[in-house]
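Because the structure is predicted, anything quoted here is derived from the model rather than measured. Chain letters run A, B, ... following the sequence lines, proteins first, then strands; residues in each count from 1.
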Amino acid sequence: MTGETSALQLVLTGDPGLYAIVGLSLVVSLSAVLCAALIGVPFGALLALTRFPGRAGVIVVLNALMGLPPVVAGLAIYLLLSRSGPLGSWGLLFTPQAMIIAQTVLVAPIIAALTRQTVEDLWSEYRDELAALDVGPIGRVATLVWDARFSLVTALLAGFGRAAAEVGAIIIVGGNIDGFTRTMTTAIALETSKGDLPLAIGLGLVLITIIIVINALAWGARRAGERYAG
Amino acid sequence: MRAPLADLPVVLANATVVAGAVTILDGVSLSLDAGTPTVLIGPNGAGKTTLLRAAMGLTPLTHGEITWGGRADAPPTRRAILFQRPVMLRRSAAANIDYALGMTNMPRAERIDELLALVGLEGLGRRPARRLSGGEQQRLALARALARDPAILFLDESTASLDPAATKAIEDIIRAVAARGVKVVMSTHDLGQARRLGGDIVLLHRGRLIEHGPAMDFFDNPRSDEARKFIAGELLV
Ligand SMILES: Nc1ncnc2c1ncn2[C@@H]1O[C@H](COP(=O)(O)OP(=O)(O)OP(=O)(O)O)[C@@H](O)[C@H]1O
Ligand SMILES: [Mg+2]
């Protein structure tokens with residue numbers, strides 16, 4: 001990529017390097033959202049339905065983790081995965097997997113906290129009916145998550161927004177290696193520091209477009225679903 | 001429906017519910033036996049809802065005991081309640097019934113249609129339950145309660161917000177259900193309805209059981225002052 005080529009030209013000419021960057025960005029962020037959802041939704045739902053000493057503290061910490069600085073998360077994962085770290089033998093540092101792990105750490109608290117709120121609100125509404133129907137704990141979680149599924153899409157989107165936008169964590173654990181761990185955000189950071197502003201701006205526009213498209217798709221799916229299920 | 005006697009009679013012995021400084025139910029002793037419907041009456045705040053919830057097993061007692069068919073730990077499988085303000089699941093009308101059926105072990109699809117027809121909602125099965133009118137939701141909630149094939153059915157002011165035609169429809173269903181041997185225990189502010197449906201009447205006031213007797217005796221020869229006043233439409237204070 002040269003400084004004279006604009007991102008628009010790269011897109012129009014089907015530049016494979018650019019597509020690799022966009023593709024990796026999507027794979028990393030969407031995988032992280034998926035992993036974070038698998039952790040965060042059940043955790044948030046359980047937290048909504050259980051009462052135990054220290055629960056308020058857990059909720060406060062969870063809410064605070066929504067604002068966890070990406071560089072701090074990146075540093076923590078770096079220490080875990082680095083050669084001398086406890087998981088160093090996995091050999092994951094500076095790989096896309098490491099980036100997915102780091103973003104999962106960033107996104108899971110968001111999904112868990114928003115799920116907790118959504119499920120708890122629905123639970124206060126459903127509690128009597130589910131108790132009257134003698135629904136057990138697992139059935140309750142399943143029912144609430146299912147009936148809140150359209151609201152939970154918003155939680156997933158918030159998580160995706162955070163993952164797609166962040167650069168601090170993945171640049172630390174991924175290393176911004178060209179053709180291997182370079183994503184849109186890390187490329188933007190690099191190109192900007194190199195002074196290649198047109199390319200950085202072009203990549204930024206591509207990123208924003210992708211985020212808008214994904215939000216539009218999710219919004220449409222939510223609308224259609226709500227019309228059907230009420 | 002099967003002969004449904006396992007949970008009966010429901011016996012409340014000195015049932016007392018205290019919330020904070022308020023005694024909501026105050027030493028109520030009452031036996032709900034198989035047979036004609038039992039109707040709870042009393043002014044707002046008398047404790048009708050609390051009594052129904054306790055008899056359903058939802059509200060724990062502070063003092064006293066409740067037994068179902070002689071057992072204090074009877075599983076609530078053959079009990080159903082229609083709340084004063086029923087909550088529809090965010091699903092279609094049919095799925096709401098299906099959900100209640102899923103908690104039992106009954107064959108589904110035909111039974112859903114049967115229940116929808118029973119409450120006069122045939123053809124509305126695919127509509128989102130929350131988009132139904134208030135009266136339709138009330139009827140759907142009745143169908144959902146009946147889906148559990150209850151031996152005992154608690155109804156909390158289930159016709160309070162319905163027009164006369166819908167009220168009659170619900171009363172007809174209650175009569176039919178009772179005729180099949182289901183024990184109905186219902187609260188109402190409609191004394192006409194209490195006369196029409198009640199086999200026995202329970203008058204509650206400020207959490208206490210004031211009078212309990214066969215409907216005819218209760219309305220023709222009330223024993224207590226409170227009952228006399230209540231029947232005459234005077235305010236109980
Ligand atoms: N959890 C609670 N904490 C405190 N007070 C309560 C609680 N639940 C009910 N009460 C009070 O207990 C009293 C009886 O309530 P309940 O709902 O059983 O009355 P009700 O006879 O069903 O009245 P209505 O005809 O208005 O439905 C009311 O004064 C109510 O405010
Ligand atoms: Mg009430």
Does [atom1] belonging to [X] count more than 12 external heavy atoms closer than 6.0 Å?
X        : atom1 : value
B:Arg208 : CZ    : no
B:Arg206 : CZ    : no
A:Arg223 : CZ    : no

Proximal component of [X], with respect to chain A [non-hydrogen, under 4.5 Å]:
X        : answer
B:Arg127 : neither
B:Phe154 : neither
B:Pro75  : neither

Rounded to the nearest 0.5 Å, what separation is found between the [atom1] atom of [X] and the [atom2] atom of [Y]?
X        : Y        : atom1 : atom2 : result
A:Tyr126 : B:Arg90  : OH    : CZ    : 5.5 Å
B:Arg91  : A:Asp147 : CZ    : CG    : 4.0 Å
B:Arg144 : A:Glu129 : CZ    : CD    : 4.0 Å
B:Tyr99  : A:Leu133 : OH    : CG    : 6.5 Å
B:Leu89  : A:Leu130 : CG    : CG    : 6.5 Å

request  = Would you name the heavy atoms of B:Val87 and A:Glu125 that are closest together and state the gap between them?
outcome  =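 The pair with the smallest heavy-atom distance is CG2-O, 3.5 Å.
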
inquiry  = For A:Ala132 versus B:Leu58, what's the shortest heavy-atom pair and its separation?
reply    =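 Looking at all heavy atoms of both residues, the shortest contact is N-CD2, 3.9 Å.
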
Polar side-chain atom of A:Asp134 near backbone of B:Pro76 as donor-acceptor pair, under 3.5 Å =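 No, A:Asp134 side chain to B:Pro76 backbone: no donor-acceptor pair under 3.5 Å.
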
